[in-house]
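Down below is the structure, laid out as structure tokens.
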Protein chains: 2
Amino acid sequence: MDPSSLSEDALATPAPRRQAMVPEATVARLPIYLRALHVLADDGQTTVSSEALAEVAGVNSAKLRKDLSHLGSYGTRGVGYDVAHLIEQVSAELGLLRHCSVVLVGVGNLGRALAGYGGFASRGLAIDALLDADRNRVGEQIAGLTVRHIDELCDVVSKGSIGVIATPAQAAQQVCDRLVAAGVTSILNFAPTVLSVPPGVDLRKVDLSLELQILSFHEHRKAALAQGAPV
Amino acid sequence: MDPSSLSEDALATPAPRRQAMVPEATVARLPIYLRALHVLADDGQTTVSSEALAEVAGVNSAKLRKDLSHLGSYGTRGVGYDVAHLIEQVSAELGLLRHCSVVLVGVGNLGRALAGYGGFASRGLAIDALLDADRNRVGEQIAGLTVRHIDELCDVVSKGSIGVIATPAQAAQQVCDRLVAAGVTSILNFAPTVLSVPPGVDLRKVDLSLELQILSFHEHRKAALAQGAPV
DNA sequence: CTGACTTTGTGCGCGCGTTCACAAGCGCGT
DNA sequence: ACGCGCTTGTGAACGCGCGCACAAAGTCAG
Ligand SMILES: NC(=O)c1ccc[n+]([C@@H]2O[C@H](COP(=O)([O-])OP(=O)(O)OC[C@H]3O[C@@H](n4cnc5c(N)ncnc54)[C@H](O)[C@@H]3O)[C@@H](O)[C@H]2O)c1
Ligand SMILES: NC(=O)c1ccc[n+]([C@@H]2O[C@H](COP(=O)([O-])OP(=O)(O)OC[C@H]3O[C@@H](n4cnc5c(N)ncnc54)[C@H](O)[C@@H]3O)[C@@H](O)[C@H]2O)c1
């Protein structure tokens, strides 16, 4: 499992009243299932078995079934799952039905790429604000949005907004603090720094160097094995 | 743990001869430790305790010590770890000492951002080839590199190269296959698709939509709790 | 040299996630 | 109407990783 992010507040309710608690590992796979389902739907399939869906999603079929059972989505024994209904179910669980607004801070190399990316909007997520500290960049038009100054943060944050940090590492903690102060409780960080957030705020990170270094490790290990253990 | 990637070949050696096998979860943290160590080194610190390093890295100190013990790196009891020596150790373990070449396929929005990013080169990783299928883009100069055509893949791949896929999802599997055919055994995929690779090839993925959707889930859940459970 | 303090390295229990394997359930052909 | 085969949902076992807590080991003062 990817332990990079954790939600410390998930256990806040001592009594799991009626809403089933979905394991974090399952949540991390729901988007994958959703994408697989869209592929199948575009392909014209109306029902799908756990085996077939698991194949497309690249996971074990038993895992898939257990995951889906967590969100109470019932398939039909002997038949499988209704694709359209399951898309609805998973989308609802992920909160994608009511459009989730995304606020992007830092319109540099990476921020520009993110802003111009159409893959988010197609699935209920839309970047609807670009912020930067550089006065020269403020006012610039990118992908139909106008870059605004970071000081206007409070004006663009609405309830339930997700913050994305694409600033240099040096400024990341400061930007993070401002996002939290503005009421943002979900943050995605691209800067290669460890950020600290108060309880109740979800923080995830994407670290490209880290991924490459992990691959480098395995590559290095393979080379060592190939040279030292071919026997 | 981040279960998104797994190395199926790690168990290839039935007898763990002398090289300790490092748990995947530990490998995933080594880059974080390395970055923390560089911060401390730049700050002038020569030695550091597990407690202090864990603080900077944002992890439990016991976990840090256990991780470091896996790679045989010995600290000094009562003192701590020698920063410079530990940087050397971790870098060696990650295979960063011999410069690892990175081949980037797909020079679009995202590929351009990656190519222009200086954060890789600073730590032993350098993108040294840009490839694209679009003839209009071939020949273009980006960050000191010339974009070459994908057909020249075999010419730019050297032993131990890491492949990065930044093409549309539609082309990802094809590009992946060509990378594997060219001898690449470590691949980082940015396209939102499940790729299949033969055994012995390490595949990791970075999925930005997925991260946002996970945050969306938690945000959605928070909203539901705030509305339904304030008693 | 001794004793007290500091810090590493690790044994152990706990909880989560994954997987197998199977019973329960549903549709369909006869 | 009725079983036959297919698929779901889940009980249970296994393995991994995390974190506490402590003994071993080294440093430093006197
Ligand atoms: N470019 C990549 O491909 C890449 C890859 C991996 C990681 N990253 C990380 O992503 C982050 C951004 O990378 P980049 O290449 O876009 O950097 P960049 O320098 O091109 O852009 C950074 C942007 O952030 C803005 N900024 C700086 N301080 C700010 C503040 N306090 N508030 C608001 N905006 C501020 C700057 O004006 C600039 O526009 C960096 O942390 C980098 O390490 C980038
Ligand atoms: N831009 C982003 O911020 C972002 C965010 C998340 C995910 N992604 C994913 O990253 C990938 C790239 O995104 P992008 O915005 O850069 O897309 P893009 O369309 O801007 O660039 C894609 C590039 O790949 C090249 N290409 C296409 N087919 C190819 C092939 N067979 N061989 C070699 N090159 C080929 C194209 O010529 C183009 O230059 C996509 O899969 C996208 O879903 C991008």
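The figures that follow rest on heavy atoms only: side chains count, while hydrogens, waters and symmetry mates do not. Within every chain, numbering begins at 1; the chains are lettered A, B, ... in the order of the sequence lines, protein sequences first and strands thereafter.
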Quiz item: Any N or O donor-acceptor pair linking the side chain of A:Arg77 to the base of D:dT8 at under 3.5 Å?
Solution: yes
Does [X] have a side-chain nitrogen or oxygen under 4.0 Å from the phosphate oxygens OP1 or OP2 of [N]?
X       : N      : result
B:Arg65 : D:dA21 : no
B:Ser50 : C:dT8  : yes
A:Asn60 : C:dG17 : no
B:Tyr81 : C:dG9  : yes

Quiz item: Between CG of A:Asp82 and CD of A:Gln89, what distance do you get to the nearest 0.5 Å?
Solution: 10.0 Å
Take the protein atom [atom1] of [X] and the nucleotide atom [atom2] of [N], then report the distance between them rounded to whole Å.
X       : N      : atom1 : atom2 : result
B:Glu51 : C:dG9  : CD    : P     : 14 Å
A:Glu24 : C:dT18 : CD    : P     : 12 Å
B:Leu53 : C:dT6  : CG    : P     : 20 Å
A:Leu71 : D:dT8  : CG    : P     : 15 Å
A:Lys63 : C:dG17 : NZ    : P     : 11 Å
B:Asp82 : D:dG26 : CG    : P     : 17 Å
A:Leu64 : C:dG17 : CG    : P     : 16 Å
A:Tyr74 : C:dG27 : OH    : C1'   : 20 Å

Self-check item: Whichever of B:Ala62 and A:Gly78 has its nearest DNA chain C nucleotide further upstream toward 5'
Solution: B:Ala62
Nearest-neighbour nucleotide for the [X] side chain, [options] considered:
X       : options               : value
B:Thr76 : D:dT8, D:dT27, D:dA21 : D:dT27
B:Pro23 : D:dT7, D:dG17, C:dT18 : D:dG17
B:Lys66 : D:dG9, C:dT18, C:dT10 : C:dT10

Quiz item: Looking at B:Leu179 and B:Gly163, what are the two nearest heavy atoms and their distance?
Solution: CD1-CA, 4.3 Å
Quiz prompt | The single option from B:His220, B:Glu219, B:His218 passing side-chain hydrogen bond (donor to acceptor under 3.5 Å, both in side chains) against A:Ser186 | solution = B:Glu219
Exercise. Check the surroundings of atom CD in B:Gln45: do more than 12 heavy atoms from other residues, nucleotides or ligands lie under 6.0 Å from it?
Key: yes
Quiz prompt | Check against side chain to side chain contact (heavy atoms under 4.5 Å, CB included), A:Gln213 and B:Leu34 | solution = CA-CA 10 Å; A:Gln213 287 175 28; B:Leu34 188 56; 4.1 Å; yes
